[in-house]
2 protein chains.
Amino acid sequence: MSDKRTRAPRNTLNPELIVTTALGLMKTEGVEAFSLRALAKELGVGPMALYTYFRNKDELIDAVRDHLFSTRKLSSAQGPWQQQLRSVATGLRELLLEHPCLLRILASRPLKGPETAAATETVVRALREAGFSKENAARAHTSLFTFVLGAALWESQMNAEKQDPEGRRRLRATMAAVSEVDYPTVVDLAGELAATSGGDAQFEFGLTALIMGLEPFTTPRRSS
Amino acid sequence: MSDKRTRAPRNTLNPELIVTTALGLMKTEGVEAFSLRALAKELGVGPMALYTYFRNKDELIDAVRDHLFSTRKLSSAQGPWQQQLRSVATGLRELLLEHPCLLRILASRPLKGPETAAATETVVRALREAGFSKENAARAHTSLFTFVLGAALWESQMNAEKQDPEGRRRLRATMAAVSEVDYPTVVDLAGELAATSGGDAQFEFGLTALIMGLEPFTTPRRSS
DNA sequence: ACCTGAACACCGTTCAAGT
DNA sequence: ACCTGAACACCGTTCAAGT
């Protein structure tokens, strides 16, 4: 929003500003379209100025991921272990849906980073206190995390597809291409299946099932 | 493996050859590195030759996805509904882990395409016969699918990270960065958590929990 | 119909250089 | 230390043209 012909003054840049601007660009243009050159132009500097703060594009994207995780507490859960898992899972889903770029980052590189340690601590402690063995607590945690990741990823993509008219046309075409004689149940449930492409109710359904399925791993306490 | 200086003869190309070669390139170089220009070079033609068969890169990638789904039957499941779901989910996971590029394709664009209709039919019919309502059957199907997607995606990424020494170093560094005073349970379960980054046992754990959590949705039959 | 080369508007990144 | 321009080796895609 200013003249880009003059040389940028010193210290116009800093890591926070770069990360924030990058995040804004990812939100408006999409993660795939994000480029260092576009970011530099937005900041009013040459592309190489960014390399003073980040070694390469990957490191910048990692910084964006870490920044997003640091903006939200996922770990202030209380009550019985089931409720604590629900709370962390719901918070994570909300964060991922709010920032689709974070979803794409998680889907394309490993390592949540230590930022999620707080959430992991909440989940894993709740499970241990409920009587899960070390191994089962770890397995349950990762099952929960991967479920949220997959659910949010699918929901986010379907939402994006339903945004533009062309996408809606493709969805209808896919549906219409399913043979009624070969796949009668799919055709019968077409409406219901379409309704599961996202939404709170769909997420709650799967989350509830998963958590219920974990209950046998608690140590049977006195209460029945 | 031949001279690329002469003009390619007519009909050296066809959709199947292009898709197969693209798939091979994705497997050796990775999906992210895949490019139309590299594919054209591999085929010994100019980049523009591909545009006779595919309108653009996205359409080619869709064709690769459809081809991969068509190579494997995911639907030959029998027995009680739980076993049928297990069978379809396990088969899908195997396909996804065998072809990480398919995973990345699914993770970056919606629409499984009608190729998965057979698998969906199996799952959804088993659920309906077990007494699930239309809505619950659809919800259960999508929960299962998104769980497999998330689990396979995470496992595949962690596997890739553990491939190269640099990645293993990063993993150790991340682990070491977790504060023992703030997150004692995470530190205590470090070994167990690391062991959940993949493997059949981890997948089975989550799959079993999810399916068990679906049991209340069956119509109570005479048995019991 | 099927393949071509030249060109356009992009990329990430290296390198040597300014201040 | 912090920002620069020029250059390299790439992209996907359009366009007009050959056969």
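Note on naming: letters A, B, ... go to the chains in the order of the sequence lines (proteins, then strands), and numbering restarts at 1 for each one.
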Using the salt bridge (Lys or Arg N to Asp or Glu O under 4.0 Å) rule, collect all pairs that involve residues 59-68 of chain A, keeping only residues at least two apart or in two chains. A:Arg55-A:Glu59, A:Asp62-A:Arg65, A:Asp62-A:Arg109
Sorted by chain and residue number, the side-chain hydrogen bond (donor to acceptor under 3.5 Å, both in side chains) partners of A:Glu121 (sequence neighbours excluded) come out as B:Thr185
Can you list every side-chain hydrogen bond (donor to acceptor under 3.5 Å, both in side chains) pair that touches residues 11-23 of chain B, not counting sequence neighbours? none
Below 3.5 Å, can you tabulate the donor-acceptor pairs from side chains in residues 138-149 of chain A to any protein atom, sequence neighbours excluded?
residue, atom, partner, partner atom, Å
A:Arg139, NE, A:Glu135, OE2, 3.3
A:Arg139, NH1, B:Gln202, OE1, 2.9
A:His141, NE2, A:Thr120, OG1, 3.3
A:Thr142, OG1, A:Ala138, O, 3.3
A:Thr142, OG1, B:Thr196, OG1, 2.6
A:Ser143, OG, A:Arg139, O, 2.9
A:Ser143, OG, B:Gln202, NE2, 3.3
A:Thr146, OG1, A:Thr142, O, 3.0
A:Thr146, OG1, A:Ser143, O, 3.1

Below 4.0 angstrom from OP1 or OP2 of C:dA1, is there any side-chain N or O of B:Tyr53? no
Under the rule for side-chain hydrogen bond (donor to acceptor under 3.5 Å, both in side chains), what residues qualify as partners of A:Arg86, not counting sequence neighbours? A:Glu204, A:Thr208
Protein-nucleotides 9-13 of chain C N/O pairs closer than 3.5 Å?
residue, atom, partner, partner atom, Å
C:dC11, OP1, A:Ser35, OG, 3.0
C:dC11, O5', A:Ser35, OG, 3.3
C:dG12, OP1, A:Leu36, N, 2.9
C:dG12, OP1, A:Lys57, NZ, 3.2
C:dG12, OP2, A:Leu36, N, 3.1
C:dG12, OP2, A:Arg37, N, 3.3
C:dG12, N7, A:Arg37, NH1, 2.6
C:dG12, O6, A:Arg37, NH1, 2.8
C:dT13, OP2, A:Tyr51, OH, 2.9
C:dT13, OP2, A:Lys57, N, 3.0
C:dT13, O5', A:Tyr51, OH, 3.3

In dot-bracket notation, what is the pairing pattern of DNA chain C, taking Watson-Crick (N1-N3 plus N6-O4 or O6-N4) and G-U wobble (N1-O2 and O6-N3) contacts under 3.5 Å, with [ ] crossing and | for other strands? ||.|||||...|||||.||
Qualifying salt bridge (Lys or Arg N to Asp or Glu O under 4.0 Å) pairs with a residue from residues 156-167 of chain A, counting only residues at least two apart or across chains: A:Glu161-A:Arg170, A:Glu166-A:Arg169, A:Glu166-A:Arg170
Mind listing the side-chain donor-acceptor pairs of residues 30-37 of chain A below 3.5 Å, one per line with the distance, residues two or more places apart or on another chain?
residue, atom, partner, partner atom, Å
A:Glu32, OE2, A:Arg104, NH1, 2.9
A:Glu32, OE2, A:Arg104, NH2, 3.4
A:Ser35, OG, A:Ala38, N, 3.0

Main chain of B:Ala119, side chain of B:Ser75: is a donor-acceptor contact present, judged purely on distance under 3.5 Å? no
Contacts of A:Glu155 meeting side-chain hydrogen bond (donor to acceptor under 3.5 Å, both in side chains) (sequence neighbours excluded), chain-then-number -> A:Arg93
Need one value for A:Ala49: base, sugar-phosphate or nothing, where a base atom within 4.0 Å counts as base even if backbone is also close, heavy atoms only. base
For a quick test of reading the model: is some side-chain N or O of B:Thr12 closer than 4.0 Å to OP1 or OP2 of C:dC3? yes
Once you round it to whole Å, what is the distance between P of D:dA1 and CZ of A:Phe54? 18 Å
Using side-chain hydrogen bond (donor to acceptor under 3.5 Å, both in side chains) as the criterion, list what pairs up with B:Glu180, not counting sequence neighbours. none
Restricting to nitrogen or oxygen on both sides, can you table the protein-nucleotides 17-19 of chain D pairs closer than 3.5 Å?
residue, atom, partner, partner atom, Å
D:dT19, O2, B:Arg10, NH2, 2.6

